[in-house]
Novice: 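Please find one structure pasted underneath; my questions will follow.
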Number of protein chains: 2
Amino acid sequence: MNIQNVILGFLVEKPMTGYDIKQMMENSVSYFFDASYGAIYPALKRMEKDKLIEKEVVQQEGKPNKNLYVITLEGKKAFQAYMDSPLNPTLIRSDLLMRIFFGRHTNPNKIMEWLNTEKEKAQAQLDNLSLVDKKYPDMERHKKITLLYGIDEAKFTLGWIERELRRLAEEGA
Amino acid sequence: MNIQNVILGFLVEKPMTGYDIKQMMENSVSYFFDASYGAIYPALKRMEKDKLIEKEVVQQEGKPNKNLYVITLEGKKAFQAYMDSPLNPTLIRSDLLMRIFFGRHTNPNKIMEWLNTEKEKAQAQLDNLSLVDKKYPDMERHKKITLLYGIDEAKFTLGWIERELRRLAEEGA
DNA sequence: CGGACCATGTAAGTCGTTACATGATTGC
DNA sequence: GCAATCATGTAACGACTTACATGGTCCG
């Protein structure tokens, strides 16, 4: 999976601008994929050149013009090829776990700080996704599956962090 | 967190070769960080040039020579600087979730295939980590915390996958 | 005698990120 | 008046991965 596959996936569902795509990603897949504008815009250019998508300039009053991208037949085929290709392994890179792993070379307070930082993030994630879930009760089946996964995962992470914090507090006492 | 920080962390604990470091990573932090030889060896060279580590060539009989790397005082300081720097956010990139997200553009069988592929991986992860846990009962505290996290996470993933598989089977029936 | 393990390295390519650059409107 | 939102883009750089290259020992 790369940025191109993801963009194709969104454009299969409806035409969008680079800006739209970024917004979409942020409030739907951000907890398992993210991309910057610096990745999205060049990708769109490349894909247009490769005839996977077509640009349609939309004039707007009081706003800058938009480049609305529409997927082509070739683009749809490329997306299908991605969906038919072998599954790529999940990538995880956790600075928190790495630091805990080397935790004996720091003081316990720092570990608690890290855990608290991460706890807030997990809580924010949980709140945000729960809100999305409430806001769109008729969400498409598959999108809902991943959303619920995100919620479950945030709860799992939160639970783990809280248990660790409690343990560290007890040991410190 | 980058490869250099991680290498420094290992070398703080004891001198190692590039090969050792790779082995270590594979059976301790591989479920939240991984690196290839193509990343490790160049990093070691760079770090030696930067005086963070020193090379000691070890002659061996019947085996190729080893480059054993020892951390310097400067290296230890660099590691401490890393441990004192702000925590970096966890990075997750899940092809499985992305494909499920776009799952309505494929057939249900494919989704079950993906889930089964991932289930086997999670099971292998769980078995492997459980074995490590059993094998080293006196593991250093912090390393054990991350190991137990890995075990819990694998169980969580496994549970989720199994629930989804059951749901899909029921709906398909 | 073949595969697994030990051991190190480079070159080319991929795929991004960060920072910079621009500029209008809307709401507080 | 200032921040946020809308909207697009580039240049420099970073941080890898993959494939290639080499070669010895140990075990079944």
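Chain A is the first sequence line, chain B the second, and so forth, proteins listed ahead of strands; every chain is numbered from 1. The model shown is predicted, which means the values in this text are computed figures rather than measured ones.
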Novice: Using a 3.5 Å distance criterion without hydrogens, assess whether the side chain of Thr17(B) forms a donor-acceptor pair with backbone atoms of Leu68(B).
Specialist: no
Novice: Quick one: label Gly38(A) by what it contacts on the DNA or RNA (base, sugar-phosphate, nothing), any heavy atom closer than 4.0 Å.
Specialist: base
Novice: For the pair Trp160(A) and Tyr149(B), name the ring-plane relationship: parallel under 30°, tilted 30 to 60°, perpendicular over 60°.
Specialist: perpendicular
Novice: Keeping the roles fixed (side chain from Thr72(A), backbone from Lys51(A)), state whether a donor-acceptor pair exists under 3.5 Å.
Specialist: yes
Novice: Please report the closest heavy-atom contact between Trp114(A) and Leu87(B), naming both atoms and the distance.
Specialist: O-CD2, 3.9 Å
Novice: Specify the separation, in whole Å, of atom NZ of Lys45(A) and atom P of dG16(C).
Specialist: 18 Å
Novice: Using rotation axes that map the C1' atoms of four end pairs onto the next four (five pairs an end), what angle separates the end axes of the helix from dC1(C)-dG28(D) to dC28(C)-dG1(D), to 10°?
Specialist: 50°
Novice: What is the distance, rounded to the nearest whole Å, between atom CD1 of Ile92(B) and atom P of dG16(C)?
Specialist: 17 Å
Novice: Counting distance only, does the side-chain N/O of Asn88(B) pair as donor-acceptor with the main-chain N or O of Met1(B) below 3.5 Å?
Specialist: yes
Novice: Rounded to whole angstroms, how far apart are CD1 on Ile21(B) and P on dC6(C)?
Specialist: 15 Å
Novice: Roughly, in whole Å, what's the span from CG in Asp34(A) to C1' in dT17(C)?
Specialist: 10 Å
Novice: Taking only the side-chain nitrogens and oxygens of Gln60(B), find out if one of them lies under 4.0 Å from OP1 or OP2 of dA7(C).
Specialist: yes
Novice: Between Phe102(A) and Phe79(B), is the ring centre distance below 6.0 Å?
Specialist: yes
Novice: If we ignore hydrogens and angles and just use 3.5 Å, is the side chain of Glu153(B) paired with the main-chain N or O of Phe156(A) as donor and acceptor?
Specialist: no
Novice: I'd like to know if the side chain of Tyr31(B) reaches the main chain of Leu147(B), judged simply by a donor and an acceptor atom lying under 3.5 Å from each other, with no hydrogens or angles considered.
Specialist: yes
Novice: Within this structure, what is the CG-to-P distance between Asn27(B) and dC5(C), rounded to whole angstrom?
Specialist: 12 Å
Novice: Could you say whether Gln23(B) or Leu44(B) is positioned toward the 5' end of DNA chain C, judged by the nucleotide with the nearest heavy atom to each?
Specialist: Gln23(B)
Novice: Rounding to a whole Å, what distance do you find between Asn2(B):CG and dT17(C):P?
Specialist: 17 Å
Novice: When the distance from OH of Tyr19(A) to C1' of dG23(C) is rounded to whole Å, what number comes out?
Specialist: 14 Å
Novice: Relative to the 5' end of DNA chain C, which residue comes earlier, Tyr37(A) or Tyr41(B), by the nucleotide with the nearest heavy atom?
Specialist: Tyr41(B)
Novice: Sub-3.5 Å donor-acceptor pair from the side chain of Thr146(A) to the main-chain atoms of Lys143(A), do we have one?
Specialist: yes
Novice: Rounded off to whole Å, could you give me the CD-to-P distance for the Gln4(A) and dT14(C) pair?
Specialist: 13 Å
Novice: What is the 5' to 3' range of DNA chain D, first to last nucleotide, that sits under 4.0 Å from any heavy atom of chain A?
Specialist: dT5(D) to dC16(D)
Novice: From the options dT10(C), dG16(C), dT18(C), select the nucleotide whose nearest atom is closest to the side chain of Arg93(B).
Specialist: dG16(C)
Novice: At under 4.0 Å, does any side-chain N or O of Ser36(A) touch on OP1 or OP2 of dT17(C)?
Specialist: yes
